[in-house]
Amino acid sequence: MGLVMSLMGKGLPKTQILDFFEGQLYDPKKINNFDEFQIAILDIFNTFNSALPGKHFDMPSKEEVEACFKEWEKASESDKRKVFIDFMTKKVNLNKVDNSMLITGIVTPPAAMAAKRAGENVTQLKVIKAIPDVLFVPSVTVLALIFVKVSRRMFMRKIA
């Protein structure tokens with residue numbers, strides 16, 4: 001446990017992390033087409049995000065992965081590792097919570113409780129009394145966070 005906590009504080013050097021992923025999950029001899037390359041990248045991200053508590057990394061877009069695959073495919077055997085490392089260091093970003101998600105996560109639980117209390121007095125919504133607060137508040141909060149995330153992505157696509 002102490003080793004895990006010390007690694008969380010300082011972290012591993014980038015080369016050790018990349019060597020681990022390249023050795024464990026990524027074998028260039030097994031990759032023959034783009035689908036296998038993308039599956040290897042997805043597998044790396046899945047393992048990395050599930051192994052690190054609290055830290056999650058965003059997956060690059062399919063277009064970026066495809067561009068990397070084309071460059072990786074053209075590279076010689078000795079340069080394939082460098083192309084892969086450059087891709088991982090330049091295109092991989094730490095997932096950051098934006099302010100709208102944070103505000104929604106803070107404001108929604110009290111608002112859900114107030115809405116439930118107000119809804120209990122309306123005759124058409126008397127059924128809401130049957131739902132326990134323990135289920136109602138987290139489910140409303142999760143739905144609100146999902147709504148904010150989806151609407152934010154839709155908004156960002158319209159801008160780009």
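On a predicted model such as this, the values are computed, not experimentally measured, just so you know.
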Please report, to 0.1 Å, the donor-acceptor pairs under 3.5 Å made by any side chain of residues 121-135, with sequence neighbours excluded.
from, atom 1, to, atom 2, distance (Å)
D133, OD1, K116, NZ, 2.6
D133, OD2, R117, NH2, 3.0

side-chain contact (heavy atoms from CB on, under 4.5 Å) assessment of F147 paired with L143: CA-CA 6 Å; F147 175 76; L143 289 174; over 6 Å; no
Salt bridge (Lys or Arg N to Asp or Glu O under 4.0 Å) contacts touching residues 100-115 (sequence neighbours left out): none
Transitive ILVMFWY side-chain link F87 to F34, under 4.5 Å: yes
Least distance between heavy atoms, T108 atom then T141 atom: CG2-CA, 3.6 Å
N/O donor-acceptor pairs under 3.5 Å from side chains in residues 60-69, not counting sequence neighbours:
from, atom 1, to, atom 2, distance (Å)
S61, OG, E64, N, 3.3
E64, OE1, S61, N, 3.2

Separation between CD of Q38 and CG of D43, rounded to the nearest 0.5 Å: 12.0 Å
Residues forming a side-chain contact (heavy atoms from CB on, under 4.5 Å) with K74, sequence neighbours excluded: none
Counterpart residues, side-chain contact (heavy atoms from CB on, under 4.5 Å), relative to D79 (two or more places apart): A75, S76
From L42 atom CG to D35 atom CG, the distance as rounded to the nearest 0.5 Å: 10.5 Å
Separation of N46 CG from I39 CD1 (nearest 0.5 Å): 12.5 Å
Residues in side-chain contact (heavy atoms from CB on, under 4.5 Å) contact with P138, at least two apart in sequence or another chain: none
For G105 against L145, the heavy-atom pair lying closest together: N-CD2, 3.8 Å
Gap separating the CH2 atom of W72 from the CG atom of D86, nearest 0.5 angstrom: 15.0 Å
